[in-house]
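The next block holds one structure in the form of structure tokens; read it before the comments.
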Amino acid sequence: MQVHESTSVATSADLRVDGARLWDSLMQLARLGATDKGGVCRLALTELDREARDLFIAWAKEIGCTVRIDAIGNIFARRAGLRDDLAPVMTGSHIDTQPTGGKFDGNYGVLAGLEVLRTLADAGVRTQAPLEVAVWTNEEGSRFVPVMMGSGVFAGAFTLEHALEQRDREGISVRDALTAIGYAGEHKTPHAVGAYFEAHIEQGPVLEAHDTTIGVVQGALGQRWYDVTVHGMEAHAGPTPMELRRDALLVAADLIHAVNRIALDHAPHGRGTVGWLDVHPNSRNVIPGRVTLTVDLRAADDTTLTAMDNALRAACAQADARTGIAIDVEQVVYFPPQPFAAELVAAVKQGAERLGLTSMDVISGAGHDAVYLARVAPAAMIFVPCKDGISHNEIEDARADHLEAGCNVLLQAMLNAAQSTQRTPGEPGSTGA
Ligand SMILES: [Zn+2]
């Protein structure tokens, strides 16, 4: 995307967001569901979520945005462009949190978008394309599964009906929860998106370790999740000699090491985690008869992810052949690796350079709404550091200057994509160079 070579755009390039206002809004939003330890508990589609949504909408309307809500409860706050026939340049994230979540995960992306619009409103800068800030429903997946529900429906990853039928642990459906908080909107079909940017705290330690302010996100790791079940035989821990045992947990222990080795063999982006074990019968003096373990494999490209999948299956087959203990491997989730749009990634990098900020290329190990948006529009992400790389935790923290810097990069990237021009009443706006 090309920048206008006109004086009006040179002016826009000098625009800066108000970092203090961004911080104040983050702190104000964080009061809704604030926890004693300084975090936030604001689960999707609860009364607290409604209050947070209402607050965001009130702020958006203050600066003249129109608001639309779709059938899965996604909110789109729109600032008109000079040419409303153009697809909007969108940014956004989520304002639901984990039960022991922080103030910044998701909330930062939404309020950074709002701050961009506030800055443009203050300066009277109009863009050719409309700008939108999206609040995606249930990104966290804590109360309702699947995760990234609102953006997933928007991008067609699964159907609206499927999402509406999901229930929480108390049996309340997404449909009923949306109605209860007044956010079951009418719009059933997603609208076109010209470009999508998402600012987010990194949720990892890489930027901080490199003393770098801006992460230029190249894409997101692909993921394969499995349930692996090891079928041994439970028996008494005393009378059963070692050589006659069929110990499922012992085999599971070998598999845990294998998963770790598979990830190390596929550096630098390979990841392998066993995060959950179910041991049957889980009794002190019984040889474990059956173990189920979860395996989470991630990689930056599908060739590597497939190689890791093959390696996992080979490790299971070898353990089976060596011990005679049967092992079932069931893949339960697959997210393909998602590269972001080259021209948008370049705009993020340029924005950081023009602002004199340190930046580095990074890859997202976690899922984000932007990963689904990348299926239907050019998309990119901007990461800023968070303290000790910690998130999904009440102690999650980020520096105000870093948040401001990321927001300024977002402003420049969105202006670049939406072709800004200074407000000239009565003028239809130039079509750009
Ligand atoms: Zn998030």
Side-chain angles (χ1 to χ4, degrees), residues 22 25-26 29-30 32-33 35 39-46 48-49 52-53 56 72-75 90-115 133-155 157 196-208 214-215 217 219-221 223 296 298 335 338 340 348 362-374 379-398 402-403 406-407 409-410:
L22 170 61
S25 296
L26 277 163
L29 187 58
L32 303 174
T35 63
V40 179
C41 173
R42 196 191 310 126
L43 300 187
L45 308 186
T46 56
L48 284 167
D49 188 11
R53 289 161 172 263
F56 169 78
I72 192 64
N74 296 321
I75 303 168
M90 189 186 278
T91 188
S93 197
H94 59 96
I95 56 174
D96 66 318
T97 76
Q98 292 286 334
T100 54
K103 302 182 190 80
F104 303 99
D105 177 2
N107 298 293
Y108 171 55
V110 170
L111 295 184
L114 181 71
E115 178 55 35
V133 180
V135 179
W136 303 109
T137 294
N138 182 34
E139 192 272 350
E140 295 289 4
S142 179
R143 181 180 174 197
F144 297 104
V145 177
V147 298
M148 303 185 290
M149 182 179 274
S151 53
V153 168
F154 188 86
Y196 180 79
F197 295 97
E198 183 168 344
H200 208 284
I201 56 167
E202 183 196 2
Q203 303 184 283
V206 176
L207 292 175
E208 199 174 65
I214 300 296
V217 188
L221 299 182
Q223 310 181 25
D296 174 328
R298 304 187 187 208
F335 283 113
Q338 180 64 63
F340 286 143
V348 170
V362 294
I363 190 136
S364 174
H368 291 290
D369 294 310
V371 178
Y372 275 148
L373 264 291
M381 291 189 79
I382 301 160
F383 277 176
V384 296
C386 55
K387 190 170 187 297
D388 302 324
I390 298 292
S391 77
H392 287 190
N393 190 316
E394 289 158 277
I395 64 166
E396 174 186 286
D397 201 4
H402 287 157
L403 298 171
C407 191
V409 174
L410 178 67

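When a ligand or atom number is given, it counts from 1 through the structure's own listing order. All values below come from the heavy atoms of this structure, side chains included, with hydrogens, waters and symmetry mates left out.
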Report, one line per pair, each donor and acceptor closer than 3.5 Å where one atom sits in a side chain of residues 382-391; sequence neighbours left out.
from	atom 1	to	atom 2	distance (Å)
S391	OG	Q203	NE2	3.0

| task | Could you verify whether a donor N or O on one side chain and an acceptor N or O on the other, from H94 and D105, lie under 3.5 Å apart? | result | yes
| Are S93 and E198 linked by a side-chain donor-acceptor pair shorter than 3.5 Å? | yes
| said: If I take atom CE from residue M148 and atom CZ from residue F154, how far apart are they, to the nearest 0.5 angstrom? | reply: 15.0 Å
| query | Got a sec, which residues hit side chain to side chain donor-acceptor pair (under 3.5 Å) with T91, two or more places apart in sequence or on another chain? | reply | none
| remark: Hits for side chain to side chain donor-acceptor pair (under 3.5 Å) against T46, two or more places apart or cross-chain, chain-then-number order -> none
| request: Would you list the protein N, O or S atoms within less than 2.8 Å of the Zn ion (ligand 1), leaving out water? | output: H94 NE2, D105 OD1, H200 NE2
